[in-house]
Amino acid sequence: MDKEINHIIRRIKDSREALGYSYQDLAEKTGLSKSTLQRYETGAIKNIPIQKLEILAEALEVTPNYLMGWEDEPNDDIHTIAAHHNDEKWTDEELQEIEAFKEFVKSKRKK
């Protein structure tokens, strides 16, 4: 279990640092406190709720599956293609709809 948690912690930290985000930057993007984010990264909090992982993944521009170690690639091609189609600018609400549709399509794969 510790190995899995350490893997998640490493991916959160690496993703944050790759974007050049401080804890404050990530706190502003997620609505989570800086201290909570620090405790996630140090392993002081070992049980990160799935809702928080989803929030973190979105802010870190990766998928929750990537953070969990279930995917090797940090970004999902469907999201990237849809979000950049025809060089259009997308609102946060539209990106959430794209994300929801992507999850719907992926859920059909598992059946």
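Note: hydrogens, waters and symmetry copies are ignored here, and every other heavy atom, side chains too, is used.
Atom CD of Glu58 is separated from atom NZ of Lys29 by 10.0 Å, given to the nearest 0.5 angstrom. Taking OH of Tyr40 as the start and CD1 of Ile5 as the end, the distance is 11.0 Å to the nearest 0.5 Å. Of the inter-residue distances, the one linking Gln38 atom CD with Ser33 atom OG reads 8.5 Å to the nearest 0.5 angstrom. One distance of note links CD1 of Ile8 with CE of Met68; it measures 4.0 Å at 0.5 Å rounding. Separation of atoms CG (Leu37) and CG (Leu56) is listed at 6.0 Å; rounding is to 0.5 Å. In this structure, the separation between CG on Leu26 and OG1 on Thr36 is 11.0 Å, given to the nearest 0.5 Å.
With a 6.0 Å radius and a threshold of 12 heavy atoms from other residues, nucleotides or ligands, Gln24 has its CD atom above the threshold.
When the side chains of ILVMFWY residues are joined at heavy-atom separations under 4.5 Å, either directly or via intervening members, Leu53 and Tyr21 end up in a single hydrophobic cluster. A single hydrophobic cluster is not seen to contain both Ile50 and Ile55; linkage of ILVMFWY side chains at heavy-atom distances under 4.5 Å, directly or through other members, places them apart.
Residues Thr63 and Ala57 share a closest heavy-atom pair of C-CB, 3.6 Å. Here the shortest heavy-atom pairing between Ile9 and Glu41 reads CG2-O, 2.8 Å.
You'll find the side chain of Ser15 reaches within 4.5 Å of the side chain of Tyr66, heavy atoms only.
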(message) Would Tyr23 and Ser35 count as a side-chain contact (heavy atoms from CB on, under 4.5 Å) here? Give the steps.
(response) CA-CA 8 Å; Tyr23 287 119; Ser35 61; over 6 Å; no
(message) Let's go through Ile12 and Ile48 carefully: what are the C-alpha distance in whole Å and the side-chain angles of both, what is the deciding distance for side-chain contact (heavy atoms from CB on, under 4.5 Å) to 0.1 Å, and is it a yes or a no?
(response) CA-CA 11 Å; Ile12 290 171; Ile48 304 172; 4.0 Å; yes
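Each of Arg16, Arg10, Arg11 was compared with Asp14 under the salt bridge (charged side-chain N to carboxylate O under 4.0 Å, His left out) criterion, and only Arg10 meets it.
No side-chain donor-acceptor contact under 3.5 Å links Arg39 to the backbone of Ala44. Checked by atom type and distance alone, the side chain of Asn6 never pairs as donor or acceptor with a backbone atom of Lys3 at under 3.5 Å.
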